[in-house]
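Below is one structure, written out as C-alpha cells; comments come after it.
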Amino acid sequence: MKKNHPSASLRNCPYWLAKSRKCLISRQGLFIPLESHISNYCTTLRHTHCRLYVDELFVQQSSSRVSKLNRRKYNRFPSGHQLTLQQVTGANSRRQASLKTVYTTNESAGGLQIRTQSPLFNGSLVSFSYKSSAGSAQQKKLARVMWCRYQKDTLVYLAGLSFQKDGKSDDTSSKTG
C-alpha cells in the first residue's frame, strides 16, 4: 500500500467497531472476526493486509472506474477519525444541540460518511470539529446531513454529510434564516 494513501496513517481498521466488536464490511452477511484476526489485523497497522479490507478497497476502486454508473463527484477514502458533532438548531447557527462523538467511515473532498449511535435528520445542518494533528487547534466546519440509515447488522447509524462552503448553508436554507 502506498504511504500517501489516507488509510496508511490509521492505527486501527476504519471498518472495525471496537465497542460492538464487529466489522462494517459485510458484503455477504455479518462478519465477526476471531480474536486472532482482531489482534493481527483489526486493531493494528496491519489492517491493510486483511483480506476483507483489501477486497473492500478493490470494490471501491473498481466502482469508481465505471464513470457512467458512479454518481459521486469525488473519490472516497476509508478513514476512522473521531469527530465532535453538534446539530445546529437556531437561526444564524448561534444555538447548537448537545455534543456527540462520531467516527468517520470514509472521506472525500465533498463530504464524509460517519457512524453514530443516534440518528440524524435528513437536511439538517451540523457543525463538526476535529484535530487535524496532535497538538493542533480544533478545526470546525459545517455540513448538511444528506441521508441517515440504521444498520441492523452493526447496530449503528451511517450518515452522509455534505460540506458547506464558507460556513454557509446551501441556497434553500439561507432563504429561510
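One-based numbering along the sequence shown.
In this structure, Lys141 forms a cation-pi arrangement with Phe163, its terminal cationic atom sitting closer than 6.0 Å to the ring centre and no more than 45° off the ring axis.
Taking OG of Ser79 as the start and CG of Leu112 as the end, the distance is 7.0 Å to the nearest 0.5 Å. Atom-to-atom distance recorded for Asp153:CG and Lys22:NZ is 7.0 Å, nearest 0.5 angstrom. Atom CG of residue Leu52 and atom CG of residue Leu57 lie 11.0 Å apart, to the nearest 0.5 angstrom. From Leu161, atom CG reaches atom CG of Leu85 across 6.5 Å, with rounding to the nearest 0.5 Å. Here the SG-CD distance, from Cys50 to Glu56, works out to 10.5 Å after rounding to the nearest 0.5 Å. Taken from OG in Ser129 to CG in Leu99, the straight-line distance is 7.5 Å, to the nearest 0.5 Å.
Side-chain contact check for Ile114 versus Leu158: every heavy-atom pair is 4.5 Å or farther apart. A heavy-atom distance below 4.5 Å is found between the side chains of Ser127 and Lys140. Taking the side chain as every heavy atom from C-beta outward, Gln113 and Ser108 never approach each other to under 4.5 Å. Looking only at side-chain heavy atoms (C-beta outward), Val145 and Phe121 stay at 4.5 Å or farther from each other. Between Trp147 and Arg149 the shortest side-chain heavy-atom distance falls below 4.5 Å.
Both Val156 and Ile25 belong to a single network of hydrophobic side chains, linked directly or stepwise wherever heavy atoms of I, L, V, M, F, W or Y lie under 4.5 Å apart. When hydrophobic clusters are built by joining Ile, Leu, Val, Met, Phe, Trp and Tyr residues whose side-chain heavy atoms come closer than 4.5 Å, directly or via intermediates, Tyr157 is not grouped with Tyr103. The hydrophobic cluster containing Leu24 does not contain Trp16, counting ILVMFWY residues as joined when their side-chain heavy atoms lie under 4.5 angstrom apart, directly or transitively.
A search for side chain to side chain donor-acceptor pair (under 3.5 Å) contacts involving Ser118 returns Lys100, not counting sequence neighbours. Qualifying ring pair (Phe, Tyr, Trp, His ring centres under 6.0 Å) partners for His37, counting only residues two or more places apart in sequence or in other chains: Phe31, Tyr41.
Shown here for Asn12 and Thr44, the closest heavy-atom pair between the two residues is OD1-N, 4.0 Å. The two residues Thr154 and Ser20 make their nearest non-hydrogen contact at O-OG, 4.2 Å. Taking every heavy atom of both residues into account, Arg115 and Pro14 meet most closely at NH1-O, 3.1 Å.
In this structure, Gln86 contributes its side chain and Thr84 its backbone to no donor-acceptor pair below 3.5 Å. Not a single donor-acceptor pair under 3.5 Å links the side chain of Ser162 to the backbone N or O of Arg144.
When only modelled atom types and interatomic distance are considered, Gln87 and Ser124 share a side-chain donor-acceptor pair under 3.5 Å.
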Exercise. List the steps, then state whether side chain to side chain contact (heavy atoms under 4.5 Å, CB included) holds for Thr104 with Leu83.
Key: CA-CA 7 Å; Thr104 61; Leu83 303 176; 3.7 Å; yes
Quiz prompt | side chain to side chain contact (heavy atoms under 4.5 Å, CB included) between Asn106 and Phe77, worked out | solution = CA-CA 5 Å; Asn106 65 51; Phe77 298 98; over 6 Å; no
Exercise. Show your reasoning for whether side chain to side chain contact (heavy atoms under 4.5 Å, CB included) applies to Tyr53 and Thr48.
Key: CA-CA 6 Å; Tyr53 180 87; Thr48 57; 4.0 Å; yes
Practice problem: Please lay out, stage by stage, how Glu107 and Tyr74 fare under the test side chain to side chain contact (heavy atoms under 4.5 Å, CB included). | Solution: CA-CA 9 Å; Glu107 300 178 29; Tyr74 308 103; over 6 Å; no
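Each salt bridge (charged side-chain N to carboxylate O under 4.0 Å, His left out) pair with one or both residues in residues 32-50, not counting sequence neighbours, appears once here: Arg21-Glu35.
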